[in-house]
Amino acid sequence: MLTLLIGIIVVVGAGYLGFVFYQRRTIKMATDVYENKRDLNKIPLDDEFALAKKMNLTGESHKKYDQLYNKYQHYKNQMLPNIDEGIAAVKEDGKGINFLKTRSDWESANKAISDADSTLKEIQAGLAQLYDLNKQHKLAVEELEKKYKRLREDILNKNQSFGPSIDNLEKMLSDIEGTFDEFTQLTKSGDPNSAEDVLNDLNSSTDKMESYMNRIPKLYQMISKEFVDQVDEIEAGYKELKDKQYNFPNDKFTDDIKGIRDQLKVNTNKLKTLDVDSVEKATKDIADRIDKLYDAIDKEFKARPEVEKDTKVIGEYIEHVRQQNSDLQLRLEALNKSYILNHKEIENNHQYDQQISTIEKKYQDAVDAMQNGTAVFSTINSDQKQMMKDLGQIESEQKDLFQSTVKIPQQEQAARNALSKFDLEMRNKKRRIDNHNLPGLSDDYQETFTGVIREINHLDDAMNQPKIDVDDISKQLIIIQSDMDTLEEKTDQLIDDATLAEQTIQYANRFIGSDSEIAAASKTAQMYFDQKYDYEQSLNIISKALEKQSSGMFDKIKDDYFSAKKRFKSGKAKEDKQ
């Protein structure tokens, strides 16, 4: 019993000690929260807002100030009371034994303090930014004031450079001055929104005037001095060139000069009304018109020396090409008596003559224009360049035509040489065949041979006509040469077959008494040889029979024959060279 009582006392004592420890710890937590809240009050935002309000903020700066101030009021009126309630809750909960609720209240209070701290820092950063914006705003206003003063000084010191624009520029400056005074008054009276609107107008007007004052002197200088001097120079140059018998294509110089001067007057009036954009655009057009007039004068001035230099050259060139065409005509007329001209040589020669006449007329018209003072040298210069090109083309074609006429007699001589060669080759072929004492020739070979003879005779007739057609002769030569090659192959084949057939039959006759098959083949082969003159078939029959009797023998006979033939040709070639 005593032991139980002691145990109860120990438990109760431990509980009491734990409760005392918890209460002390809760008090410590509440004290820490309170100390954290005291740190929030160290930032003197009331003073900072009072200073910001004295800056007479306008526009976006004033709007930013209102946003920051509203956020600060929310902090004072809602966030701080919520923190006090949280601290009180922590203290109150600490009197009981609800550990979890006490812990939750403590965390909520600390979270509220953290949020409040973040809000204060955002407000403080915003105010710092506001001071910076205000500083920039002041600098912008100061810069605007400097710009205004500079414009005023420029108008006073450079009023001559603005020409007719000066009155409206001074009025514009006066309006800006009045607007600036209005802006200053609104700023002092604390009407930020109206001041900002006026400031925007002031910036726009000042920028516009600054732009005008930068652009107008140059424009005025151009339309009152530069362009006027250029037009005067062009007019004087035009008159001087006209006095020296220069002329211009589609001459509208007088109208163009008057049009430019009228345009200058119009743009001088536009400068007076500050229609600067329109004047700027017009000056580009005027400059282009003036450049075209300068180019026209320069073109004629430069063209004349070239024309005067080329006139003599072209005259001589025309004479040269005409003389060359006359010589070519005489040559063609002479050739036409002996040859048929198939390539429009005479027609081309006449066409060259017509082209030369056309060029000569244009050339003479230009010479006449220069003599009577109506020449447009740039046009003549262009025409002369084309004349040189056309004369060069005619001369080139004349040379080609001349070269073709030179070839005609050469082609005739080559054809006569070929005719003699063909005749000699045909005689040699006949002699070769006669030398082999053959019993006769096949109809196919004789037809080929006589066909070539006919072609040669036809060529000979063509060569002996009063007018020779060298084109037709050239075609005949090609055909005859081809048929001659074919005849040469047939002649070689004929002689080879006849000689081999004869040699093979002679060799095979050794076996007539002992081999009836060879005897029959030899008889048949001899019949084809002596009666039908089919030496190829004769050789085919006897060679096959001999191969059956003695394999490889015909190949030996053939090899010996062609070896001997090769040696004979080689020896003959050496003799011909010697």
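Worth knowing before you read on, the calculation uses all heavy atoms, side chains too, and leaves out hydrogens, waters and symmetry mates.
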Has Gln465 got a side-chain atom pairing as donor or acceptor with Asp461's backbone, closer than 3.5 angstrom? yes

Write out all pairs satisfying ring-ring contact (aromatic ring centres under 6.0 Å, His included) with one or both partners inside residues 315-371, taking only residues at least two apart or from two chains. none

Might you point out which heavy atoms bring Asn267 and Ala282 nearest each other, and give the distance in Å? OD1-CB, 3.0 Å

Quick one: does Asp175's side chain get under 4.5 Å of Ser205's, heavy atoms only? no

Just by distance, no angles: are the side chains of Thr491 and Tyr445 close enough, under 3.5 Å, to form a donor-acceptor pair? yes

Here the salt bridge (charged side-chain N to carboxylate O under 4.0 Å, His left out) pairs for residues 403-419, sequence neighbours left out, are Glu412-Arg416

Can you tell me how far apart CG (Asn325) and CG (Leu330) are? Round to the nearest 0.5 Å. 10.5 Å

At what distance, to the nearest 0.5 angstrom, does CD1 of Ile290 lie from CZ of Phe227? 5.0 Å

Assess, by modelled atom type and distance only, whether the side chains of Ser278 and Lys270 contain a donor and an acceptor separated by less than 3.5 Å. yes

Can you see which heavy atom on Asp471 is nearest to which on Asn342, and at what distance? OD2-ND2, 3.1 Å

Is there side-chain contact between Asn247 and Phe377, with at least one heavy-atom pair below 4.5 Å? no

Indicate whether the side chain of Glu489 and that of Gln493 have a donor and an acceptor atom separated by less than 3.5 Å. no

Any pair counted as salt bridge (charged side-chain N to carboxylate O under 4.0 Å, His left out), so long as it reaches residues 337-352, sequence neighbours left out: none

Quick one: list whatever passes side-chain hydrogen bond (donor to acceptor under 3.5 Å, both in side chains) with Lys556, sequence neighbours left out. Asp560

Among all residues two or more places apart in sequence or in another chain, which pass the side-chain hydrogen bond (donor to acceptor under 3.5 Å, both in side chains) test with Asp353? Arg322

Assess the side chains of Glu210 and Asn214: does a donor N or O sit below 3.5 Å from an acceptor N or O? no

Is there side-chain contact between Lys467 and Asn336, with at least one heavy-atom pair below 4.5 Å? yes

Is there any side-chain hydrogen bond (donor to acceptor under 3.5 Å, both in side chains) pair reaching into residues 541-555, and which pairs are they, with sequence neighbours excluded? Glu517-Lys548

Considering residues at least two apart in sequence or located in another chain, which fulfil the side-chain hydrogen bond (donor to acceptor under 3.5 Å, both in side chains) criterion with Lys281? none

Partners of Gln384 by side-chain hydrogen bond (donor to acceptor under 3.5 Å, both in side chains), sequence neighbours excluded? Thr311

Among Asp515, Asn509, Thr504, which one satisfies side chain to side chain donor-acceptor pair (under 3.5 Å) with Ser522? Asn509

Between Asp327 and Gln323, a side-chain donor and acceptor under 3.5 Å: yes

Does a side-chain heavy-atom distance below 4.5 Å link Thr405 with Leu341? no

As an exercise, state the distance from CD1 of Ile286 to CZ of Arg261, rounded to the nearest 0.5 Å. 13.0 Å

Sub-4.5 Å side-chain heavy-atom contact between Gln355 and Asp390: no

Listed pairs under 3.5 Å, donor-acceptor, residues 475-483 side chains, sequence neighbours left out:
unit_1, atom_1, unit_2, atom_2, d
Gln476, OE1, His458, ND1, 2.9
Gln476, OE1, Leu459, N, 3.4
Gln476, NE2, His458, ND1, 3.4
Gln476, NE2, Asp472, OD2, 2.7
Gln481, NE2, Asp485, OD1, 3.1

In this structure, are over 12 heavy atoms from other groups packed under 6.0 Å from Gln364 atom CD? yes

Is there a donor-acceptor contact under 3.5 Å linking the side chains of Glu333 and Gln329? yes

Please determine if Asp288 and Lys292 form a salt bridge, counting it only when a charged side-chain N lies under 4.0 Å from a carboxylate O. no

Which residue pairs satisfy the salt bridge (charged side-chain N to carboxylate O under 4.0 Å, His left out) criterion with at least one member in residues 302-311, sequence neighbours excluded? Asp298-Lys302, Arg304-Glu308, Glu306-Lys385

Shortest non-hydrogen contact from Leu441 to Gln446? O-NE2, 2.8 Å

Does some side-chain heavy atom of Asn269 sit less than 4.5 Å from a side-chain heavy atom of Thr273? no

Here the ring-ring contact (aromatic ring centres under 6.0 Å, His included) pairs for residues 526-559, sequence neighbours left out, are Phe529-Tyr535

Does any pair with a residue in residues 431-444 pass salt bridge (charged side-chain N to carboxylate O under 4.0 Å, His left out), and if so which ones, sequence neighbours excluded? Lys430-Asp434, Arg432-Glu488, Arg432-Asp492, Asp444-Lys490

Identify the two heavy atoms, one from Ser538 and one from Ile505, that lie closest to each other, and give their separation to 0.1 Å. OG-CD1, 3.8 Å

Please state whether the rings of Phe253 and Phe248 are parallel, tilted or perpendicular, taking 30° and 60° as the class boundaries. tilted

Show, in sequence, the C-alpha distance, side-chain angles and deciding distance for Asp229 and Lys225, and conclude whether the salt bridge (Lys or Arg N to Asp or Glu O under 4.0 Å) test is met. CA-CA 6 Å; Asp229 291 346; Lys225 175 65 177 171; 3.1 Å; yes

